[in-house]
Structures are given as structure tokens and as C-alpha cells.
Amino acid sequence: MSPTPPPSPFIAGHDATLLDEVKKRLRDVPDFPKPGILFKDVTPVLADPHLFHRVVDAMAAPFRGQRIDRVVAVESRGFLFGAPIALTLHAGFSPARKPGKLPWRTRTERYALEYGEDALQLHEDAVARGDRVLIVDDLLATGGTATATQRLVTALGAEVVGYSFLISLDFLPGRERLGRDKVCSLLSY
Ligand SMILES: O=P(O)(O)OC[C@H]1O[C@H](OP(=O)(O)OP(=O)(O)O)[C@H](O)[C@@H]1O
Ligand SMILES: Nc1ncnc2[nH]cnc12
């Protein structure tokens with residue numbers, strides 16, 4: 001009998017079985033929301049409680065054992081991952097929202113998307129001076145959204161210690177823009 005093969009390689013610290021399962025479950029939707037965009041639909045991952053739980057744990061894993069005071073996640077898909085990651089890391093959660101949604105005093109940043117333009121707002125007390133912040137979103141593409149979020153956080157005097165994404169589209173410049181050493185993603189395309 002041949003010896004047991006070594007365990008599958010770990011990619012960015014995550015087990016390859018999980019990555020395969022997530023890959024299989026993500027749904028590619030061509031030409032949404034515009035012609036030429038291949039949209040990565042995460043809803044089938046959310047619909048599987050066991051897989052969703054493992055994904056949240058894996059997205060939090062690189063930041064366990066570090067002091068994270070606040071998770072800032074981006075409306076709307078970022079909230080789906082950011083809130084459970086904040087609970088997992090025993091950190092507070094602050095939403096970065098599209099304009100006109102936050103009720104109190106806000107800071108605003110405009111940014112460009114793979115398929116348009118938008119702006120984000122953060123409450124002025126969303127992070128405190130000196131806080132160590134993790135930025136979370138479902139997907140990194142051009143990096144416009146995450147860069148705008150980083151600017152909002154640092155303008156308030158907090159430090160962005162890292163970014164956690166489920167997916168990064170590495171044929172786009174997002175990872176380079178944010179700094180390779182700060183970006184964690186389960187899957188890269
Ligand atoms: O790296 P970027 O080029 O900035 O793109 C990534 C952003 O695009 C998507 O959000 P979208 O604005 O479509 O909003 P949604 O989460 O409300 O669907 C995605 O959830 C990221 O936030
Ligand atoms: N290709 C894509 N799929 C899903 N969300 C996105 N946000 C930006 N680009 C995207």
C-alpha cells in the first residue's frame with residue numbers, strides 16, 4: 001500500500017478543502033450589473049450555515065491574537081462578513097455606509113468602482129484615535145472601496161492593521177493599492 005499523501009497545501013493559511021468548497025459554491029453571473037463584468041455571487045455561501053461559519057472563521061484567522069479594536073465593514077455585502085468576524089475577534093463593529101444612511105455626524109469619501117462611482121460615509125465616532133482597525137469586505141476588485149474606507153478610518157486617527165476579503169480579483173490593482181502585506185483573502189482570481 002502506498003504511503004498516505006501529505007496534507008493538501010494550505011493557501012494563505014487556509015485549508016484547501018475549504019477553498020475548493022467555497023469555489024464550487026460561488027456563482028459566476030456574467031454581464032451583471034453591466035456588460036463585461038463577471039459578478040461573483042456570494043449568496044450560495046451564506047445559505048450554507050456550516051460553510052458560512054467556516055468562511056467567517058478563516059477570514060478572521062490571520063488576525064486572531066492581534067489587538068483589533070474595531071472591524072469596519074462596507075455596505076452592503078461587507079456587513080455580512082464584517083459583523084460575525086467582529087464577534088469572533090471580540091472587536092467592536094462599525095459600518096461604512098453609502099451616503100445619506102448614517103443618522104449622526106459623518107465623514108465622506110468618494111471613490112470609483114469596477115462598474116461606476118460611489119461614496120462612503122463613516123460616523124465621526126466609528127473609530128477612536130489610536131484604534132487598531134480591520135477593514136472587511138466580501139470582494140476586492142479595483143480597491144476603490146477599500147481605499148476610501150481606509151482614508152475614512154485614518155482621517156479619524158485610527159490605524160488600519162489589515163484587510164480581510166473573501167475574494168480578491170488579482171487581475172485588478174486592488175491588492176497593490178492597499179499594500180500586499182496588509183491584504184488577506186481566502187480566494188484569488
Ligand atoms: O474594489 P472595488 O472596485 O472598490 O470593488 C469592491 C466593492 O464592490 C462591491 O460592492 P458594491 O459597491 O457593488 O455594493 P454592494 O455590496 O452593496 O453590492 C463589493 O462588495 C465591494 O465593496
Ligand atoms: N466582479 C465582481 N463581482 C462581485 N462584486 C464585485 N464588486 C466589484 N466587482 C465585482
Side-chain angles (χ1 to χ4, degrees), residues 12 19 21-48 51-52 55-56 58-60 62-63 70-86 93-103 106-123 126-127 133-155 160-189:
L19 301 189
E21 282 176 45
V22 176
K23 254 187 192 162
K24 273 190 226 143
R25 212 65 69 81
L26 286 172
R27 183 160 48 203
D28 284 352
V29 183
D31 300 320
F32 181 88
K34 281 186 174 172
I37 300 292
L38 183 64
F39 192 88
K40 296 281 181 196
D41 178 16
V42 298
T43 60
V45 174
L46 306 173
D48 177 336
L51 187 60
F52 185 21
V55 162
V56 166
M59 287 175 72
F63 303 94
R70 201 61 69 109
V71 169
V72 172
V74 186
E75 184 172 357
S76 55
R77 280 174 272 150
F79 295 170
L80 304 169
F81 298 95
I85 288 172
F93 175 83
S94 294
R97 297 210 63 179
K98 305 279 162 83
K101 297 288 188 182
L102 288 170
T106 55
R107 297 284 181 101
T108 305
E109 279 285 341
R110 303 204 64 78
Y111 62 99
L113 269 172
E114 201 188 356
Y115 40 71
E117 243 201 37
D118 219 328
L120 278 178
Q121 295 186 322
L122 207 53
H123 269 153
V127 295
V133 173
L134 171 65
I135 293 177
V136 171
D137 208 343
D138 66 324
L139 182 140
L140 172 65
T142 65
T145 307
T147 302
T149 311
Q150 173 262 318
R151 285 204 207 103
L152 288 167
V153 167
T154 51
V160 175
V161 296
Y163 301 84
S164 186
F165 301 95
L166 174 57
I167 304 160
S168 75
L169 304 182
D170 285 344
F171 51 89
L172 292 168
R175 192 179 284 270
E176 297 303 329
R177 280 177 79 181
L178 300 179
R180 291 197 150 268
D181 53 326
K182 286 202 169 175
V183 174
C184 294
S185 71
L186 254 60
L187 298 175
S188 298
Y189 290 90

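Just so you know, ligand 1 is whichever comes first in the structure, and atom 1 is the first atom listed for that ligand. No hydrogens, no waters, no symmetry mates; every other heavy atom, side chains included, goes into these values.
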Which atoms from ligand 2 have a heavy atom of [X] less than 4.0 Å away?
| X | result |
| --- | --- |
| Leu38 | 1 (N), 2 (C), 3 (N) |
| Ala141 | 8 (C), 9 (N) |
| Leu139 | 3 (N), 4 (C), 5 (N), 6 (C), 7 (N), 8 (C), 9 (N), 10 (C) |

Does [X] reach the side chain of [Y], with side-chain heavy atoms less than 4.5 Å apart?
| X | Y | answer |
| --- | --- | --- |
| Val55 | Phe81 | yes |
| Val72 | Leu152 | no |
| Phe165 | Leu178 | yes |

> Can you tell me if Leu169 has a non-hydrogen atom under 4.0 Å from ligand 2?
Replying inline: yes

> At a non-hydrogen distance cut-off of under 4.0 Å, which region of Asp138 contacts ligand 1 (side chain, backbone, both, or neither)?
Replying inline: side chain

>> Tell me the contacting part of Asp137 for ligand 1: side chain, backbone, both, or neither, using a 4.0 Å heavy-atom threshold, strictly below.
In response: side chain

> Could an N or O of ligand 1 be found under 3.5 Å from any N or O of Ala141, whether backbone or side chain?
Replying inline: yes

>> Regarding ligand 1, does Ser76 bring an N or O atom to under 3.5 Å of one of the ligand's N or O atoms?
In response: yes

> Looking at CG of Asp28 and OH of Tyr189, how far apart are the two atoms once the value is rounded to the nearest 0.5 Å?
Replying inline: 6.5 Å

> Could Asp118 and Arg110 be called an ion pair, given the rule that one side-chain N must be under 4.0 Å from one carboxylate O?
Replying inline: no

>> For Asp31, give me all partners under side-chain contact (heavy atoms from CB on, under 4.5 Å), at least two apart in sequence or on another chain.
In response: Pro35

> Counting from 1, what ligand 1 atoms have a heavy atom of Glu75 closer than 4.0 Å?
Replying inline: 16 (O), 17 (O)

> For ligand 1, which atoms sit closer than 4.0 Å to a heavy atom of Leu139?
Replying inline: 6 (C), 21 (C)

>> My understanding is that we take every heavy atom of each candidate and find the minimum distance to atom 12 (O) of ligand 1. Doing that for Arg97, Lys98, Glu117, Arg77, which one comes out nearest?
In response: Lys98

> Just going by heavy-atom distances, which of Gly143, Gly174, Ala148 is nearest to atom 1 (O) of ligand 1?
Replying inline: Gly143

> In chain order, what residues pass the side chain to side chain donor-acceptor pair (under 3.5 Å) check against Asp170, with sequence neighbours excluded?
Replying inline: Ser168, Arg175, Ser188

>> Is there a polar contact between ligand 2 and Arg77, counting only N or O atoms under 3.5 Å apart?
In response: yes

>> Evaluate Glu109 against Thr149 for side-chain contact (heavy atoms from CB on, under 4.5 Å), listing each step before the verdict.
In response: CA-CA 8 Å; Glu109 279 285 341; Thr149 311; over 6 Å; no

>> A quick test of your reading: do over 12 heavy atoms of other residues, nucleotides or ligands sit less than 6.0 Å from NZ of Lys101?
In response: no

